[in-house]
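Excluded from the calculations below are hydrogen atoms, water molecules and symmetry mates; all remaining heavy atoms, backbone and side chain alike, are included. Keep in mind it's a predicted model, so treat the numbers as computed, not measured. Order of the sequence lines fixes the chain letters, A, B, ..., with proteins taken first and strands second; residue numbering starts at 1 for each chain.
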Number of protein chains: 2
Amino acid sequence: MKAISQESAVTFGDIPARLQACGIRVTAQRMQIAELLLGAPQHLSAEQITEALQGRGVEVSKATVYNTLNLFAARGLIRQLAVDDTRSWFDSNVQPHYHFHDEATGALTDVALPEVEFSRLPRIPEGMEVASLDLVIRLRPKS
Amino acid sequence: MKAISQESAVTFGDIPARLQACGIRVTAQRMQIAELLLGAPQHLSAEQITEALQGRGVEVSKATVYNTLNLFAARGLIRQLAVDDTRSWFDSNVQPHYHFHDEATGALTDVALPEVEFSRLPRIPEGMEVASLDLVIRLRPKS
DNA sequence: ATGGCTGCAAATAGTTTGCAATGAG
DNA sequence: CTCATTGCAAACTATTTGCAGCCAT
């Protein structure tokens, strides 16, 4: 638990500032959750976060994990994904991007924005505008 | 409840045959659910179906609605959508197509396949193939 | 100090399952 | 007849909420 690359050290060091910049009070649990999730682009479920933290001896409750994730999402620090019908995924990459979804394993992988280009999109209904464009490419083992 | 267009009469008349063609035994509850959902392309939640049927005096339990919807989905008669984190939507349009999602009302609208064209798609990981391509265009009132 | 956090447990929402009674073939 | 299907209630999973005590500011 002490090997810290230069990159992650810098990233992690930023976290308290990022939280405060969003008007989020810094607490031990929030730091732990933020370090886990914001250190690199990734997709985690509330359960994975709870287990990961409790596994490394951090005291945190399920309720706090959910409260914190909802707070982070409301402040734009993370994005909640609806890919799966059973659980929510929290994505630390808030830049626009798309996803691969491996149907067999449930794994989610990012697809960078420039990897997809639309040559045609539907006309948007009157008075509406696009809030976001979610693309999920579901994959299965090649037959 | 007696105005039946030629089209829907034909469509509805097909339902028992469609169920049997999928190896699904025809029962009163399954017919009711199928008529509600398969009569036209639409998106319904399990709760909407349960309420609609019970509202018109049909005896059906929540459990049977879920069992039936899961059975229909497994047999390819309908498609389950993960658009929303709270509930599942069941789509009677099993042809490939995309969706608008009105974030304010939660309403789902179909976007026909030819309305969207991709001029570039990412390289698919080794040994995998595309099972489906889910595109959700989330809409909000124009600012 | 004081109001925002936290943990716990209980409450909710959506969905699934076990089992006895019922109904389709 | 016989096994699939149904309804009910209870079980489950994911998530939210109420409340007393704790902690960042």
Side-chain angles (χ1 to χ4, degrees), chain A residues 15-34 36-37 43-55 57-75 77-91 106 108, chain B residues 15-17 19-34 36-37 43-54 57-75 77-91 106 108:
Chain A
I15 288 184
R18 289 179 67 186
L19 297 186
Q20 287 174 324
C22 295
I24 296 173
R25 184 180 290 188
V26 177
T27 69
Q29 288 82 352
R30 287 172 177 183
M31 276 299 295
Q32 294 288 339
I33 294 169
L36 194 60
L37 201 44
H43 315 96
L44 294 174
S45 66
E47 192 182 17
Q48 287 177 322
I49 293 172
T50 309
E51 284 176 358
L53 293 187
Q54 292 177 345
V58 177
E59 281 210 1
V60 70
S61 69
K62 226 174 16 165
T64 297
V65 171
Y66 277 108
N67 289 338
T68 302
L69 291 171
N70 287 336
L71 178 65
F72 285 6
R75 294 294 209 284
L77 277 171
I78 61 177
R79 188 149 77 100
Q80 190 170 180
L81 304 177
V83 170
D84 207 287
D85 256 327
T86 45
R87 51 189 164 289
S88 276
W89 293 96
F90 294 89
D91 190 341
L108 275 180
Chain B
I15 289 183
L19 298 186
Q20 288 174 324
C22 294
I24 295 173
R25 183 180 291 188
V26 177
T27 70
Q29 288 82 353
R30 288 172 178 182
M31 275 299 294
Q32 294 287 339
I33 294 169
L36 195 61
L37 200 46
H43 316 95
L44 294 174
S45 65
E47 193 182 16
Q48 288 177 321
I49 293 172
T50 308
E51 285 176 357
L53 293 187
Q54 291 178 345
V58 177
E59 281 210 0
V60 70
S61 70
K62 225 175 15 166
T64 297
V65 170
Y66 277 107
N67 289 339
T68 301
L69 291 171
N70 287 337
L71 177 64
F72 284 7
R75 294 295 210 282
L77 277 170
I78 61 176
R79 188 150 77 101
Q80 190 169 180
L81 304 177
V83 169
D84 207 288
D85 256 326
T86 46
R87 51 190 164 292
S88 276
W89 292 97
F90 294 89
D91 191 341
L108 274 180

Check your understanding: Which parts of residues 21-29 of chain A get close to DNA chain D, meaning a heavy atom less than 4.0 angstrom away?
Key -> A/Arg25, A/Val26
Revision key, fill the gap. Separation of D/dG7 atom P from B/Arg30 atom CZ, nearest Å, is 11 Å
Check your understanding: Taking for each residue the nucleotide of DNA chain C with the nearest heavy atom, is it B/Ala46 or A/Thr68 whose nucleotide lies nearer the 5' end?
Key -> A/Thr68
Study note, to complete from the structure: When the rotation axes relating C1' atoms of four end pairs to the next four are compared across the helix from C/dA1-D/dT25 to C/dG25-D/dC1, five pairs an end, they differ to 10° by 30°
Practice item. Hey, could you give me the CZ/CZ distance between A/Phe72 and A/Arg18, rounded to the nearest 0.5 Å? Key: 9.5 Å
Contacts under 3.5 Å, N or O only, protein and nucleotides 17-20 of chain D:
none

**Study point:** A/Leu71 CG - D/dA24 P separation (whole Å)
**Key:** 16 Å
Check your understanding: Of the residues in residues 80-88 of chain A, which ones touch DNA chain D at a heavy-atom distance under 4.0 Å?
Key -> A/Thr86, A/Arg87, A/Ser88
Practice item. Provide, to the nearest angstrom, the distance between the CG atom belonging to B/Leu19 and the P atom belonging to D/dA4. Key: 18 Å
Check your understanding: With sequence neighbours excluded, what pairs up with A/Glu47 under the side-chain contact (heavy atoms from CB on, under 4.5 Å) test?
Key -> A/Ser45, A/Glu51
Point to revise | Nearest non-hydrogen partners of B/Leu44 and B/Trp89, listed with the distance | key: C-CE3, 3.6 Å
Using atom types as modelled, flag every donor-acceptor pair under 3.5 Å from a side chain in residues 81-88 of chain A to any protein atom, sequence neighbours excluded.
| from | atom 1 | to | atom 2 | distance (Å) |
| --- | --- | --- | --- | --- |
| A/Asp84 | OD1 | A/Thr86 | N | 3.2 |
| A/Asp84 | OD1 | A/Thr86 | OG1 | 2.6 |
| A/Asp85 | OD1 | B/Ser88 | OG | 3.2 |
| A/Asp85 | OD2 | B/Ser88 | OG | 3.0 |
| A/Ser88 | OG | A/Gln80 | OE1 | 3.0 |
| A/Ser88 | OG | B/Asp85 | OD1 | 3.1 |
| A/Ser88 | OG | B/Asp85 | OD2 | 2.9 |

Could you list the donor-acceptor pairs under 3.5 angstrom formed between side-chain atoms of residues 19-32 of chain B and any protein atom two or more places apart in sequence or on another chain?
| from | atom 1 | to | atom 2 | distance (Å) |
| --- | --- | --- | --- | --- |
| B/Thr27 | OG1 | B/Arg30 | N | 3.3 |
| B/Arg30 | NH1 | B/Arg25 | O | 2.9 |

**Study point:** Partner set under side-chain hydrogen bond (donor to acceptor under 3.5 Å, both in side chains) for B/Asp91, not counting sequence neighbours
**Key:** B/His43, B/His97, B/His99
**Study point:** Rounded distance in Å - CD (A/Glu47) to P (D/dT13)
**Key:** 9 Å
Check your understanding: Around atom CD of B/Gln54, are there more than 12 heavy atoms of other residues, nucleotides or ligands at under 6.0 Å?
Key -> yes
**Study point:** Start and end of chain A contact along DNA chain C [non-hydrogen atoms, under 4.0 Å]
**Key:** C/dG3 to C/dA9
Practice item. Output every pair passing side-chain hydrogen bond (donor to acceptor under 3.5 Å, both in side chains) with a member in residues 60-69 of chain A, not counting sequence neighbours, ordered by first then second residue. Key: A/Ser61-A/Thr64
**Study point:** Interatomic spacing from CD1 in B/Ile33 to CG in B/Leu71 - rounded to 0.5 Å
**Key:** 10.0 Å
Revision key, fill the gap. Rounded to the nearest 0.5 angstrom, the CD1-CG distance for A/Ile49 and A/Leu69 is 4.5 Å
Exercise for review: Find the distance B/Leu69:CG to D/dT6:C1' and express it as a whole number of Å.
Suggested key: 15 Å
